Number of protein chains: 2
Amino acid sequence: MTGNTNTIGRPRAFDVDKALQKALEVFWEKGYEGTSLPDLTEAMGINKPSLYAAFGNKEQLFLKAIELYENRPCGFFQPALLQPTAYLMAEHMLFGAAAASSDPNTPKGCLMVQGALTCSDNANSVKQMLIEKRRGGELQVQQRLERAQAEGDLAADVDCAALACFIGVQLHGMSIQAASGTSSERLHQVAAIALQAFKNAT
Amino acid sequence: MTGNTNTIGRPRAFDVDKALQKALEVFWEKGYEGTSLPDLTEAMGINKPSLYAAFGNKEQLFLKAIELYENRPCGFFQPALLQPTAYLMAEHMLFGAAAASSDPNTPKGCLMVQGALTCSDNANSVKQMLIEKRRGGELQVQQRLERAQAEGDLAADVDCAALACFIGVQLHGMSIQAASGTSSERLHQVAAIALQAFKNAT
DNA sequence: GGTATTTTGTACTGGTCGGTAAATATATAG
DNA sequence: CTATATATTTACCGACCAGTACAAAATACC
């Protein structure tokens with residue numbers, strides 16, 4: 001779908017994956033509604049009909065950008081869930097988020113948060129999608145904690161939902177701070193405080 | 001400026017303060033750019049020329065809404081700073097934010113965060129203003145902690161800037177969670193975990 | 001009453017939004 | 001070569017954006 005597999009007809013003059021990468025950066029920086037089509041076409045180096053032919057429309061392009069975001073900049077998330085203990089999971093989550101939110105090579109903050117935190121009525125479906133993505137991530141953390149509980153890695157009286165929400169607060173809160181210009185070092189300090197809190201809460 | 005002090009001419013048919021309150025709610029819900037002038041005029045019960053005559057323009061109206069927000073929904077902030085100890089300050093901050101972000105009588109989340117977290121180039125001044133407001137709040141927390149240090153209320157080796165940033169992360173993170181639908185009860189649980197972390201970090 | 005002053009309602013402006021029609025350009029297939 | 005298929009370019013579409021001109025309406029002052 002994204003690759004240029006056609007052998008017939010005029011070939012594409014741009015790299016679809018590179019263009020998507022550029023679109024991701026713009027959406028990340030300006031949000032879904034703050035990004036205009038000229039913003040996108042300029043960054044991607046293509047014109048509007050090419051964009052529509054390759055990606056559908058603005059919303060579908062955003063969905064593809066989110067997908068890419070989950071695999072690359074937010075790529076610390078799934079591996080963190082696979083860590084052998086709840087503590088190591090929390091550690092990888094917190095420090096991974098601190099690093100990703102303040103990565104000097106990408107826009108600051110988290111696309112899942114700032115992509116469409118608020119919006120006009122037109123973009124409510126996008127906003128809702130991001131809400132569900134965030135809640136889905138938190139649920140995965142909760143389920144990982146519950147698994148740790150079943151494995152005896154975590155005390156039985158720990159409230160896994162509350163603890164997962166606490167971790168979510170750290171991830172989202174750090175992304176806001178990063179978007180406000182907080183340094184990577186400071187975020188790592190905060191992650192360390194939060195990790196200590198996690199340890200004490202278990 | 002906001003009151004109808006004129007004695008001459010046709011009197012205003014609406015209450016400026018009530019209209020501002022309505023504008024605040026819309027901005028809070030949809031963000032600065034997500035809010036259109038029809039959104040505003042409909043909620044405020046007035047038409048555009050009345051809005052412009054009373055408030056200047058959209059950006060100035062937003063500034064007035066922010067001012068109102070700081071005094072009312074975000075009114076827990078300054079009193080928290082006045083608490084006699086750093087711990088009590090943190091307690092009031094965390095639980096005040098948990099309550100305000102999930103208040104059933106207002107939009108969810110924090111206007112300072114979701115008013116313009118990302119935006120188009122046109123609204124960069126608004127986004128920047130909110131960034132500075134957030135950083136200003138964090139600085140006030142930091143200075144309050146430094147005062148506590150000077151008073152012997154807080155150990156000398158505590159990193160006040162890091163701790164203030166940690167509190168900022170909680171406030172902003174909880175507001176994201178609230179905007180995602182997290183319940184007031186859950187946020188209070190998280191605030192309790194964070195308060196414990198604050199205690200252990202001091 | 002009449003006049004000055006302010007607000008109101010309506011209609012409009014130029015500009016930008018997301019999205020597309022139509023023509024041209026570049027490739028393969030025969 | 002011709003025919004077909006796809007991509008690119010340019011120009012355009014209706015809708016909406018923030019903001020305003022203008023005239024009618026409602027008050028106070030005289």
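Here the structure is a predicted model, which means the values were calculated and not measured.
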Could you state the [atom1]-[atom2] distance from [X] to [N], rounded to the nearest angstrom?
{"X": "A/Asp121", "N": "D/dA15", "atom1": "CG", "atom2": "P", "answer": "18 Å"}
{"X": "A/Glu42", "N": "C/dG18", "atom1": "CD", "atom2": "C1'", "answer": "17 Å"}
{"X": "B/Leu40", "N": "D/dC17", "atom1": "CG", "atom2": "P", "answer": "11 Å"}
{"X": "A/Arg12", "N": "D/dA5", "atom1": "CZ", "atom2": "C1'", "answer": "13 Å"}
{"X": "B/Asn57", "N": "D/dC17", "atom1": "CG", "atom2": "P", "answer": "16 Å"}

Problem - NZ or CZ of A/Lys58 within 45° of A/Tyr32 ring axis and under 6.0 Å - result: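 Yes - A/Lys58 lies over the ring of A/Tyr32, closer than 6.0 Å to its centre and within 45° of its axis.
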
Handout entry: Exam field: side chain B/Asp103 to backbone B/Ala100, donor-acceptor pair closer than 3.5 Å
Key =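 Pair absent, no side-chain N/O of B/Asp103 close to backbone of B/Ala100.
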
Contacts under 3.5 angstrom, residues 20-29 of chain A side chains, donor-acceptor by atom type, not counting sequence neighbours:
unit_1, atom_1, unit_2, atom_2, d
A/Gln21, NE2, A/Glu25, OE2, 3.4
A/Trp28, NE1, A/Gly109, O, 3.0

Show me the donor-acceptor pairs, under 3.5 Å and distance only, between side chains in residues 72-92 of chain A and residues at least two apart or in other chains.
unit_1, atom_1, unit_2, atom_2, d
A/Gln78, NE2, A/Gln140, OE1, 3.4
A/Thr85, OG1, A/Leu88, N, 3.0
A/His92, ND1, A/Leu88, O, 2.9

Practice task
Starting at the 5' end of nucleotides 24-30 of chain C, put B wherever the base has a protein heavy atom under 4.0 Å, S where only the sugar-phosphate does, and a dash everywhere else.
Solution key: -BBBS--

Handout entry: Pairwise 5' ranking along DNA chain C for B/Phe14 and B/Asn122, keeping only the more 5' one
Key =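 Nearest-nucleotide comparison on DNA chain C picks B/Phe14.
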
Would you give me the side-chain donor-acceptor pairs under 3.5 Å for residues 194-202 of chain B, sequence neighbours excluded?
unit_1, atom_1, unit_2, atom_2, d
B/Asn200, ND2, B/Gln196, O, 3.2
B/Thr202, OG1, B/Phe198, O, 3.4
B/Thr202, OG1, B/Lys199, O, 2.9

Exercise for the section: Give me the residues of residues 26-36 of chain B where at least one heavy atom lies under 4.0 Å from an atom of DNA chain D, by number, or none. Expected result: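 Hits under 4.0 Å, by residue number: B/Thr35, B/Ser36.
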
Practice task
Within residues 44-52 of chain B, find the residues that approach DNA chain C with a heavy atom at under 4.0 Å, and present them sorted by residue number.
Solution key: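 Per residue number, the list reads B/Asn47, B/Pro49, B/Ser50.
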
Exercise for the section: For A/Gln142, check side-chain hydrogen bond (donor to acceptor under 3.5 Å, both in side chains) against everything at least two apart and list the hits. Expected result: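 Residues passing side-chain hydrogen bond (donor to acceptor under 3.5 Å, both in side chains) with A/Gln142: A/Glu146.
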
Handout entry: Residues that B/Glu151 engages under side-chain hydrogen bond (donor to acceptor under 3.5 Å, both in side chains), provided they are two or more places apart
Key =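 Partners of B/Glu151 under the side-chain hydrogen bond (donor to acceptor under 3.5 Å, both in side chains) test: B/Arg147.
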
Practice task
Could you please name the option among C/dG19, D/dA18, C/dT8 that lies closest to any side-chain atom of A/Lys58?
Solution key: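 Of C/dG19, D/dA18, C/dT8, C/dG19 is nearest to the side chain of A/Lys58.
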
Handout entry: Residue pairs, two or more places apart or on separate chains, that pass ring pair (Phe, Tyr, Trp, His ring centres under 6.0 Å) and touch residues 110-131 of chain A
Key =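 As it turns out, there is no ring pair (Phe, Tyr, Trp, His ring centres under 6.0 Å) pair with a partner in residues 110-131 of chain A once direct neighbours are skipped.
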
Handout entry: Pairs touching residues 173-196 of chain A that satisfy ring pair (Phe, Tyr, Trp, His ring centres under 6.0 Å), sequence neighbours left out
Key =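 As it turns out, the ring pair (Phe, Tyr, Trp, His ring centres under 6.0 Å) pairs with a partner in residues 173-196 of chain A, which skip direct neighbours, are A/Phe95-A/His188.
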
Pairs of donor and acceptor atoms involving the side chains of residues 130-139 of chain A, under 3.5 Å and at least two apart or interchain, shall be tabulated with distances.
unit_1, atom_1, unit_2, atom_2, d
A/Lys133, NZ, A/Glu70, OE1, 3.1
A/Lys133, NZ, A/Glu70, OE2, 3.4
A/Arg134, NE, B/Ser180, OG, 3.2
A/Arg134, NH1, A/Met112, O, 2.8
A/Arg134, NH2, B/Ser180, OG, 3.0
A/Arg135, NH1, B/Ser180, O, 3.0
A/Glu138, OE1, B/Gln177, NE2, 2.9

Exercise for the section: Not counting sequence neighbours, list each pair that qualifies as a side-chain hydrogen bond (donor to acceptor under 3.5 Å, both in side chains) and has a residue in residues 107-121 of chain A. Expected result: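 Pairs touching residues 107-121 of chain A that pass the test: A/Glu33-A/Ser120, A/Asp121-B/Lys30.
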
